[in-house]
Structure formats: C-alpha cells, structure tokens
Amino acid sequence: MSGRARVRARGIACRPSTPEIGRTQASPSPASVDVSDKDTPSSSGYMGTSRISQKNKDGVSSGDVGCTFLGRGGRIRREFMDLGACTREKLAHVRDCKTGSSGIPVKLVTNLFNLDLPQDWQLYQYYVTYIPDLESRRLRIALLYSHSELFNKAKVFDGAILFLLEKLEEKVTELSSETQRGETVKIVITLTRELPSSSPVCFQVFSIIFKKILKKLSMYQIGRNYYNPSEPVEIPQYKLTLWPGYSVSVSQFESSLLFSADVCYKVLRSETVLEFMTDLYHKTGLSSFTQACEKELLGLIVLTRYNNKTYRIDDIDWSVRPTHTFQKRDGAEISYVDYYKQQYDITLSDLNQPVLVSLLKSKRNDNTEARIAHLIPELCFLTGLTSQAISDFQLMKALAEVTHLSPLGRQQRLARLADDIQRNKDARFELETWGLHFGCQMSLTGRIVPLEKILMQDQVCQPMSAADWSKDVRTCKILSAPSLNKWLIICNNRAEHVNESFLNCLRRVGSSMGFNVDYPKMIKVQEDPAAFLRAIQQHVDADVQLVMCILSSNQKSYYDSIKKYMSSDCPVPSQCVLTRTLNKQGMMMSVATKIAMQMTCKLGGELWAVEIPLKSLMVVGIDVCKDALNKEMAVVGFVASINTRITRWYSRCILQRTTTNVADCLKVLMIGALNKWYQYNHGLPARIIVYRDGVGDGQLKTLIEYEVPQLLSSVAESSSNTSSKLSVIVVRKKCVPRFFMEMNRTLQNPPLGTVVDSEATRPDWYDFYLISQVAHQGTVNPTYYNVIYDNNGLKPDHMQRLTFKLCHLYYNWSGLIRIPAPCQYAHKLTFLVAQSIHKEPSLELANSLFYL
Amino acid sequence: MDDNNIQILIEEVWRKAQDSAFPGSFQVKMLQCESVVDRNFEEVTSTEIKFKPPLYRQRYQFVKDLVDQHEPKKVADLGCGDTSLLWMLKFHKCLELLVGVDTNEEKLRRKEYKLSPLVGDYLKPRERTLTVTLYHGSAVERDSRLLGFDLITCIELIEHLDSEDLATFPKVVFGFLSPAMVVISTPNSEFNPLFPAVTLRDSDHRFEWNRMQFQTWALDVANLYNYSVEFTGVGEPPAGAENVGYCTQIGIFRKNMAKAAELCVPEQHGEHVYKVVFTATYPSLQQEKYRQYAVVNEVISQVYDMRRDLLERLKLQDDRDFADTSADAGTSEAPCQCFQPVLTRFSANMEKTPKPFCVGNVFYVPLERLFSLPKVKHLCINIEMLKTLIADTVMLNSDGSAVMVDIHDEDNDD
C-alpha cells in the first residue's frame, strides 16, 4: 500500500500540468501509461478471515456500502465505495432531469459495452461460519466447494462471504464435512442479503467474473489490469518492453449496467539489475561505482525472474558473493549458486556480483525482528521508470509513440477485446453461468457547447482555435497591468549579452500588450544559490516590485531556495528564467511574450476575461496534495476570485498535518476569501461555486460529511441576513469513459466543448463530462464533474457552460485547459509549496498569482 | 531469510490445509497423512522419526534429480494432484513437454495458473519451447497424447488403485504408453510399525505393500513389457530399524532398447479420452518471434551503447582540447576490490572485426561486428540470418552490411 501512495505522489510531482514556459509541449497528455511499475503481482492473496468475520458480525445487513467483500487480491476497490454516496436525491432541481440542452448534438462512440441481465436477476449473499472455526482460508474454501450442494452452481466465495446466483432452499443451511484428520467440521451458510444488480457489491462480483474471463483469454494480471504478454512492443534502445492490456470494470451507469474497457500499457524493463550495474560501471568508472550504484538502485522495486515476486532494494551487500552460503529453512547450508542451480536450473554467469538486500515486511503487524532477503542481481529485473528516465525527453517520446493511441487505434483494440470475449467458448460459458449477456458497444449523444469569445481591453476576440489563442491576441492589449518601474535582474557574469537583447524584447512585447516595463537594476553574481540569496537580501527594499533571476542550470536547489526566500521571508514576486530558454534561436519573441504575461500576473495584472452572465459570483478552486518532503503534511491550496469579472484572485495555501487528502482548514480559507471579496465589492457574493480537485477514490463521502459543512458554516457565519448560495463540484481528471466522434468514416477526438451528461453518467449523482483539452497525439481524456452540493439551483446547462468558461481563464496558457482555472491555480500553488518551499507563503502575496 | 523457503513454508501450510479436504485424489492425500504422522511424532515421542526435509519433498527431489541426470524432453506425472511436482520440474531447461494427469479436475483447475509463464519467462525466454498441459483423466485410461514420453512418474499412485485398475495400470503405462522410463513410488508397509497406531497410512489406500510384494509385482511387469527395473527409496529408517527399509519404496523402470520398438515412432492416432484442463506454451528462443525480439533487442542496445561510447570519447576529446593539459584522473584507478563486472563487450574476437564508423551524421555498425557478439552469435546461425531477423526493425545501409543510426537523437525541442 505504501508503494501505491508513493507512486501517486510521484505521479503528481512529475506530471507536466499544463503547458508553461520552458515546456512548449502542447499536448496535456492523455496518457494511460501505467509507468509506475510498483504493483506487479504480489501473491499475497491471503486476508485474515477473522477480520472479515468481525466486520460482518457488526454490519451484515446494513447498507450496501458497509459490505466490504474482498476479492482474492484482498483489495477493496475504492471507487465502489464512492457509489454509496447518493447526492443527487438531495438536489431537488436535478432530481428529475440533470441534462442540459444547449449546443449542437453530436453522436459519440464510447468505450462502454452493454451488459444485459434478466429482469429479475439477483445475487444471494450468504455468510459462512465453521464450527470449530478454521483459520485457513484455503481450507474453508476447499471444504465448502467439496459439497455437492454447491457443485456446478455459479458462486464466488472468499472464505467468509458466499455469493450465489441461485438461492439455496433454506435460509440457513448446515453442512458437515470431515477433514483428513477425522475432525468433523460443521459449516453453517446463512442468507444475509439479496442484492439487485445495481448494488455496488454486485460490481465487485462482476469484477471477479471478468477477471476469470480475461484469464481465459490468456491475459496476465498485473495489479488491477490485464495484459497480453504475447504481443509485446519492444523499445530496445531503452531496454523497455511494453505489454498492451486493458483496464476493465463493471458498474451501474445512468440507465444500465455497463462494462467499461480502456487500453493501457505495462512498462517492463528487459534489463536485469546486473546488466544495469555493468552498464553503470562502464559509465562511471570504478572510483564512484559503488556510490552511483547505491544512488540509482536503492529504493527501486525489482522483480525476480524465477518466482515473479517483487522486492524493494533496501541495501546492497558488497561483501556477499553468489558463492557464499546461506542456511536453508531445514538448516542445511548451501551456496546461492548451487541453490539456484538445484531449485531453478539457473546457472549464474557472474560469480562476483554482490547481493541485493531487501527487508521483508512481516505479514502480521507484530514487531518481530525484520527479516531480510538476499537477491542475486542477475536474477532480478528492474521495474518502473527511474526519475531520470521520466525526465529523458527521447525516452518518453518513444513511449508516447506507442502508448498514445489514436481514437481509431483505441477503438480497434476495444473491438478486438469485445470480439474475443464473445467468441471464446470458456468466456461465454462463464458469462452464461451468471446469466450475463455481453452486448454491443454503446453510443450516445453529447452536445458541443458554443465556443467562448476572449475579452481583451478594447476588443473582443473570437479565436481560431480555442486550444491556443496566443496568435489571435498578439496585437491586443491585456485588461490591466501595473507598470513595472523598479525591479531587479540577478544573473551570473556570463549571461550578459543575452540579457540585453532579451530585455529589449521584453520591453517591446510589453508595450504592445500594454505592460510598461522600465529598465531594471542589473546585479551580477557568482554562480551559486547563496550568492543569489545574498544579492536579493542586499538589494530588495520596500519599493522593489519584482525580482528576476536568470539561472544557468535547471537545478532544483537554486529554484527552491530562491522561491522559498521570496515567497515567505521576503515576500516579493519573483521570476526565474533559464539561460537556455533565453538562448533559443528565433524563439525570443514568444519567450518574451510568455514571460511578460507571467510577470503581469505576478504583479496583480489581468490578462483577459470571458463573458460571465452571473453577476456577483465567486468561484473557488481547491487542491490538496502531500508535501514532497514530509508525507504527513498535506498542502491545501485555495484560490478564490475576488471580482465579478473573475480576473483577480485571492490565493492561499495552508499546510496541515494529516494522513488523508481531506482539508480541515477550509473555514479559515473561505472566510478569508469572503472578507477579501467584501473589501473589493462592498458586499458578499450572491453565489459561490467551489471546484474541488485532488480527490482520491473512496473519499467522496468524507468530502460530503467533512468539507462541505466547513464551507457552509463559513458562508453562514460571514453574513447575518441572506447568506451566499453554494455549490461544490468535485473535479476528476481521470475517469472511466472515453468518447470518440465518428467523422468521415473514421474516429476522431470530440471537439472542444463537448459535454456528455447522459448514459455514461451515474444515476445517483449530478454529474457530467466535459472535454476542454486538445490531444494532439492520442485520445482525449474527458474531465469528470460531480456536483455534490448545490443550493444555487443553476440549470445543468448553465452549470456546464460556466464550468467550460472557467477553463479559459488560466493565465499561464493562452488557451483552454482541462480543468477550471481556479483548480489549476490551486494546483500550481500547492505544487510550488509541496515541492519547493514547504511552508505557507506570506499573505502579502495572496492578491497576486505569484506562483505562476 | 530466503524467500523460497518462506514460499515453501506457505505452500506446505496450504497443502496440508487443502489435502484434508479432498478425498479421492491420487497422491496428495498421502502427504496429509504424513503430516499427521510427523505431527504425531512431534507430539508423542518428539524425537523418533521426523523426516527432514519432509518425505513428500524427498520424493519430489528424487524425481528432480532423475530429470537432472537423464535430461528427458517429455515428462508426464500421473496423479499429479496439486501439480507441485510439475511446478518444481518446469524450471528444467531440458524439458519440452510437461504433462500432469489427475482424476480431480477441481484441484487441477485451482492451481493451474501456477504453471503459467511468468513475466520473467517473457523477458528472458527459455532456450527450448516448453508446453505444460494438465489433463483430467485417469492412469488406467489410454490417451494417445501421452505416447512417446521419456519419463512417466507415478508418485504414490498405485496404492489408490483397486485390484481391477491395478491390473489395467501396467497395460496402459507400460504396454500402451511405453515411455523410455517409468518411476513408481508406493509406501513400504514394513515401515508402518514404526508409526504409532497406523494400519494404513491413508483411508483411501487399497493396500500397502512390503518390499517383497512390490518388487515381485514390479519384476513381473518389467519382464512382461521388456523393461529392467531397479529398486530404491526415500525416507531412511531410524537407527536400529535399518532392516525395515525406506519409508517410500521406489522402482525405476527402464525400457530395454529393442531395435524395432524404438524405431517405430508412436502414431498420434486415435484415442483422446483425457480432457484438457489447462495448457500453456512458454515463450522460447526456438520460436521465431522471440528469437527475433531477442536479436533485435541485443543488436539495438549494443548499437546504442557503441554510439554512446563514441560520443563520450568525442566529448572527452573536446574537453581535453579545451583544458590543454591531459591530466586525466581516470587512468590511475585502484584495482577493484569488490565488484568488477564481467566484460563481455570487448572480446578478442570482436576486436578483429571491422569497427563502427561515422559518415556525416550517420553512425554505422558493420553486421560482422555485431555478429561477433557472443549473444548474437548464439542466436543466429550466420550473418544472413542476423540480417533477416533485424531487417524489419533497423535501418541497414545500401549493401546491407551495416546498421545505420543517426549519431545524434533528433533535436529535442523541449
């Protein structure tokens, strides 16, 4: 589990959020690559039966959500837990209809398949006890399965809970078995519930059924997904092997039970640790080899070739050789070489290799002495991608070429899976046993909402493409910009010639956009972080509006130390630029434009706006992530608009000690934002709409019970008479469905502004999908919105269009982004705090977008 | 400390748990019985007889050693139970066909995925193709798919057969299947008095023979079907009771090489009475596809390594020119005291072959040089074959004598 958490945290850290300076990569990647290789199968199929029985004794017949049937993996699928939160029934205005009507209808193909069940389909859940009680889950299963009463019946059993398709005759069935030891064991099977097919518990059973089916199709399970090892894609220059596969699930959608499938890839490394070490040796030479080795390898997860288990490398023991002996469990001494020869018929080629050391986690949580495993590098495959690999542009490009499937390519793979399921005899048999019928791929009708006009100072601009309007607005003046009179440039001695031309360029683009830039004070320093800080301390006074640091290397320590100092100790907006960026031939104008825009924002300027029909509306974005250094700290970013045009923002960030990603400081933040609004607008906003990002699977209920009340009470407290109306919307960047548009006999990504609010949505939620990003390569990922609280009573149409408008307002990118701007701002802020500064930024900066 | 031991421990626990639940399988019940026996000893007398390693493992190890020694290509285990023996055998490089047969289908099914190829089997394929198949069927039924085997094992099987089946058994195994070697193990009843209050070791045993009974039966069978037989066993008796013999007695039957019988290859006609429960084919370098992957992977990664070396040399040269003195610290390395990777790159053979070269921005590696790499040589018979295997995936120069790649990756326009 910790591995999973680590991966997620890293995933956030490494994701290029939206295009920004220095990374003009215009495809916010819809990658479905599971680049984190951390959850390769571990054969820990065992889960404590005692735990289960306890859970069940308390809450056998409580609601669906209480039941946690564990599959063989022992993992609860958390997304099913969310389904228990029925928020729609509390929202009167969408109880009957949650669909909008504006826009042009568009026919979309989905990655969802109908799964037909007989009308009266039910699942019977039984609780099974053994007298005397049996510890072993295997034995429990074996005893139960050996009874003829259950032969040839569709059943799923985890050792305690039994699901049957056909009801047993009696409510309580008693069976008796004899073990080989001659003990008589009584088995009591008690009916606890009858479940309709829409129950989340059934989805878990369906998942188990499909797991069987995919195995029948010769797929290989790794983590939650299924891969086809016989059709690998090799990327030999990086020693990578990609297995194509599918992630599948079954769930209740708006009107029917649907099977969803998406194409994914498993990245495997066809390189053993020994090969990696040998390579490293050639690169580093002897002197620094051991350190380099430890630096690269410690903490990595390796997969053993002979038994398919994963281990974390905790240490390398250079003093042990394969020729050394160890003690087997029976006490006999044997050398590693002989052991692997005898056991696995493997001959080790290098008898000088050291051994890898892995601390084994104790299965039971008693703190007995930690056991260690010695692993032979030659027999261990590396897994996952190192951070070095992830930052390797060429490697990631090679990966993307394979994994970013076009809509058509994706559809072909889906069609093949459906075909395989329908044609395979065993698969069909399995489905029939459970009364399921695998139907056709679902199409639905979405709507393309009208595109927005971009409001500049004196002009209204209808961009050629909503994805990027930088060209369209080049000649327009921005809404407002303070003039920059007193500022500093700190750089090292070598960069001088660049700076002159850059500065001229900056002033030129500045004046054309209406941003007046005076000459700065130039300070030249030695090339080290301390020198930069000293210069800042020396030269920054109360009048300095902005400090620009021109850095010659991409080193994080430079950036971190400058940002840390400038955002809390000495709160002045700062702009870091890499020399390399300034050196780009022929790019100077666009680089300068982007920097000028960022600088404007950091000084509190406004770039553009869109038409917002609602007057007196405050929009808020919240994101939560874990601090990169201290995993016990959560960073809560909160960004609220403070004017009616939604062009000025109040940004705050709080660090809280917690283990979950649930915020408990929202009251302070919300009241702070409302005060600020009052200060500027002399009243409170009539409506508040909160977009909450960074919510994990299974957290929905906590959010409803814990975060929404915080927001409600702060709204209520800040006004004595009529309080502001509030909506809370959960934003998910990852979701199950994919949509393809049929056009000219091929499939394409649906256009920007496509909304889907039927069929692929959930019956118990007020939810919709919106496509607000362009995928130049691959298939677009829709963004999923779930309105969990709403007393604004806006029509779904308006809610959808407002959300789309807000995706236009991220000032770091002149184009649409995949989530509403306040969320992206909050994300950017939490990212800066979590990765670089690790403390709360000064409130003096809260009125500007200082973190862009 | 060793992961396999842990795994073994877990397996044992599971096996014990499971075996007690399934009457009617051939051999595994026996194990359960032994564990009872072992436990009894621990509890009652605590010192007298304790097999270490456990007896079932000794039996498996016996078969494993035999496979090591004779390197059979086709092996079948009749009464394979939970397929533990097959799992142990599947690692042997000599094997091409591994078959398990049991009458308990449910049990075969539950463990079937244990015999599937692992991730590692795909990443580093075997030399020879191995197919593992599990059949639901009985040792007294004839199925032509089991003809022509090198070794058939019947571990703790015959004592579960009633007299009728026992009479059919030799006809099927020796007369019909007629493999080059048969291994049969069965309890030695002379050992039983050493166990407290045990008459038969398992309630499903129809009989337990003493050494004389088993050997008489075995010799008769061997004579009838032209085999020679040798007797041994596992499970040494305790000191003082040596005269009872091994706890498990084993007969190894070898077919006498009769010229005609050997020449006539068994025809694959007729009876397929067994039901296939599971089958998996392991990827191997014998399969064109995997050989090609292996060759391409090796060639490309070597080409890129060579290119990197070249670029680094050039860079070093640059730096040196720049820093005018050649005070390179790298030359005075201390001899490695710990780990020195085996250098496969610059073998003497390879040095004789034409070197990689650069023309403009293109880096060429002659196929001849690549062919001198031991791994490539192992996979390809000749340069022509190398060329055919890589032609689809890499760029060759016009006369097809060298692999071409750009010396620099295309500009990464970040």
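Note that the coordinates shown come from a computational prediction; the quantities given were computed from them, not determined experimentally.
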Minimal non-hydrogen separation, [X] against [Y], with atom names:
X	Y	value
A:P229	B:Y290	O-OH, 4.1 Å
A:P236	B:S301	O-CB, 3.9 Å
B:L118	A:R305	CD1-O, 4.0 Å
A:F381	B:G120	CE1-CA, 3.6 Å
B:K124	A:S270	NZ-O, 3.8 Å

- Query: Nearest 0.5 Å, what's the CG-CD distance between B:D68 and A:Q342?
  - Reply: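 These two atoms lie 8.0 Å from each other.
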- Message: As an exercise, state the distance from CG of A:N308 to NZ of B:K114, rounded to the nearest 0.5 Å.
- Response: 12.5 Å
- Check whether any side-chain heavy atom of A:W243 lies under 4.5 Å from a side-chain heavy atom of B:V119, and answer yes or no. yes
- Query: Are A:P232 and B:Y293 side-chain neighbours, meaning at least one heavy-atom pair lies under 4.5 Å?
  - Reply: yes
- Would you indicate whether A:E333, at its atom CD, is surrounded by more than 12 heavy atoms from other residues, nucleotides or ligands within a distance under 6.0 Å?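 Yes - once you tally the heavy atoms of other residues, nucleotides and ligands closer than 6.0 Å, there are more than 12.
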So which part of [X] gets closer than 4.5 Å to some heavy atom of chain B, the side chain, the backbone, both or neither?
X	result
A:S319	neither
A:E275	side chain
A:K341	neither

- Is the backbone N or O of A:D345 less than 3.5 Å from a side-chain atom of B:K93, with the two atoms forming a donor-acceptor pair by type? yes
- Message: Need one label for B:K90: side chain, backbone, both or neither, based on atoms under 4.5 Å from any heavy atom in chain A.
- Response: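 It is neither, since no heavy atom gets under 4.5 Å.
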- Check step by step if side-chain contact (heavy atoms from CB on, under 4.5 Å) holds for B:D305 and A:D279. CA-CA 9 Å; B:D305 281 353; A:D279 233 33; 3.9 Å; yes
